[in-house]
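Okay, so here's the structure we're looking at.
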Amino acid sequence: IEKHGVTIYAEDYHRQFAGTSFEDALSFYKQAYGLDLDVEESITYLKEQIDINIETDGIKSTPGTIQWFKQTCKQAIQAAIASNAPRAVIETNLVYSNLISYTREFPVFSAYDFNAWKPDPTIFIQAFKSFNQTNLKRVVVVEDSLAGLLAIDEFQKWLSEESPCI
């Protein structure tokens, strides 16, 4: 996008597009600025830049994340990771944020596996279905984006229809 004369600042991008797909963000910029973008080429470039930034700066997990995962493992709580990011990005993030040792046993769900990105609740529904339903009394979803919060709302509606006991 920069080669088309449009500067995107990471903070602005994250605020507007966190929890959505690269495709959604690129479509927005393409339309808003009348850019002639090759979406697939741009996605490849974005992923390369993310890898460079991770290798250079590392990833800092949100305060409390490591402690939460430690407790989850210690108490044998069922958990899953559900992200709009591609699976390779999720796994890289877990390694570079030092969360991989706590999350090895958790199933990982990528929106790319379902071609359904938050705010679509599909990823949460699939994660929920992966759990052992015996004695399941409560579901907690931790989210960091507006799109994710909207997906939680839809997931709750689905959950009340499918599992009224929870």
Side-chain angles (χ1 to χ4, degrees), residues 1 8-29 39-133 136 138-156 158-159:
I1 293 176
I8 301 171
Y9 297 98
E11 298 82 21
D12 295 335
Y13 179 89
H14 184 75
R15 183 174 43 256
Q16 186 167 2
F17 298 108
T20 64
S21 69
F22 287 139
E23 291 85 351
D24 289 344
L26 290 170
S27 294
F28 168 82
Y29 286 113
V39 174
E40 289 302 316
E41 180 182 307
S42 297
I43 290 171
T44 300
Y45 175 78
L46 279 170
K47 288 178 184 176
E48 289 169 356
Q49 291 305 303
I50 289 169
D51 288 344
I52 290 168
N53 290 340
I54 288 171
E55 289 177 17
T56 304
D57 302 328
I59 295 176
K60 293 179 179 74
S61 59
T62 303
T65 304
I66 291 176
Q67 293 81 358
W68 186 85
F69 277 115
K70 280 182 182 178
Q71 286 296 345
T72 301
C73 292
K74 187 189 244 181
Q75 296 176 22
I77 295 171
Q78 295 183 83
I81 297 169
S83 173
N84 269 4
R87 183 174 295 278
V89 172
I90 298 168
E91 292 167 356
T92 299
N93 289 347
L94 292 172
V95 169
Y96 280 95
S97 63
N98 296 317
L99 292 172
I100 193 69
S101 61
Y102 307 109
T103 60
R104 287 189 205 286
E105 303 303 316
F106 300 161
V108 173
F109 296 89
S110 167
Y112 285 80
D113 295 339
F114 309 104
N115 287 320
W117 289 265
K118 301 169 195 170
D120 183 302
T122 299
I123 196 166
F124 292 140
I125 293 169
Q126 294 305 318
F128 174 79
K129 287 180 176 180
S130 76
F131 295 149
N132 177 347
Q133 302 294 315
L136 186 61
R138 181 170 34 174
V139 176
V140 176
V141 180
V142 178
E143 186 50 65
D144 66 350
S145 70
L146 177 58
L149 294 174
L150 295 171
I152 290 170
D153 187 49
E154 292 302 313
F155 172 63
Q156 286 177 315
W158 175 87
L159 199 59

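As the structure is a computational prediction, the values presented were derived from the model and not from experiment. Just so you know, residue 1 is the first one in the sequence shown, and it goes up from there.
Distance alone, capped at 3.5 Å, places no donor-acceptor pair between the Glu154 side chain and the Pro119 backbone.
Looking at residues two or more places apart in sequence or on another chain, you find a side-chain hydrogen bond (donor to acceptor under 3.5 Å, both in side chains) between Glu41 and Lys3. Residues passing the salt bridge (charged side-chain N to carboxylate O under 4.0 Å, His left out) test with Glu105: none are found, sequence neighbours excluded. Applying the side-chain hydrogen bond (donor to acceptor under 3.5 Å, both in side chains) rule to Asn93 yields no partners; only residues at least two apart in sequence or on another chain are considered. With sequence neighbours excluded, no residue forms a ring pair (Phe, Tyr, Trp, His ring centres under 6.0 Å) with Phe114. Scanning for ring pair (Phe, Tyr, Trp, His ring centres under 6.0 Å) contacts around Tyr112 gives Trp117, with sequence neighbours left out. Asp153 meets the salt bridge (charged side-chain N to carboxylate O under 4.0 Å, His left out) test with Lys157; sequence neighbours excluded. Taking the side-chain hydrogen bond (donor to acceptor under 3.5 Å, both in side chains) definition, one finds that Ser145 meets it with Glu143, sequence neighbours left out. Applying the ring pair (Phe, Tyr, Trp, His ring centres under 6.0 Å) test to Tyr29 and every residue at least two apart in sequence or in another chain returns Phe17. Scanning for ring pair (Phe, Tyr, Trp, His ring centres under 6.0 Å) contacts around Phe69 gives Phe106, with sequence neighbours left out. Under the side-chain hydrogen bond (donor to acceptor under 3.5 Å, both in side chains) criterion, Gln156 pairs with no residue, sequence neighbours left out.
Note that CD1 of Ile81 and CG of Leu94 are 4.5 Å apart. Values are rounded to the nearest 0.5 Å. Separating the CH2 atom in Trp68 from the CG atom in Leu99 is a distance of 10.5 Å, to the nearest 0.5 Å. Taken to the nearest 0.5 Å, the OG1 atom of Thr65 stands 12.0 Å off from the CG atom of Asn98. From Asp144, atom CG reaches atom CG of Leu149 across 8.5 Å, with rounding to the nearest 0.5 Å.
A 4.5 Å side-chain heavy-atom check between Thr72 and Tyr102 finds every atom pair outside the cut-off. Annotation: side chain of Phe124 is in contact with side chain of Lys118 (closest heavy-atom distance under 4.5 Å).
The neighbour count for Tyr45 OH, taken as heavy atoms of other residues, nucleotides or ligands under 6.0 Å away, does not exceed 12.
For residues 76-85, no residue pair satisfies the salt bridge (charged side-chain N to carboxylate O under 4.0 Å, His left out) rule, not counting sequence neighbours. Applying the salt bridge (charged side-chain N to carboxylate O under 4.0 Å, His left out) rule to pairs touching residues 67-90 yields Arg87-Asp113, sequence neighbours excluded.
Nearest heavy-atom pair across Ile90 and Ser110 is CD1-CB, 3.9 Å. Residues Ile66 and Ser97 come closest through the heavy atom pair CD1-O, 4.2 Å. Residues Pro121 and Ala151 approach most closely at CB-O, 3.6 Å, considering heavy atoms. Taking both residues in full, the closest heavy atoms of Ser130 and Ala127 are given as OG-O, 2.6 Å, listed atom of the first, atom of the second, then distance.
Aromatic pair Phe128/Trp158: ring centres closer than 6.0 Å.
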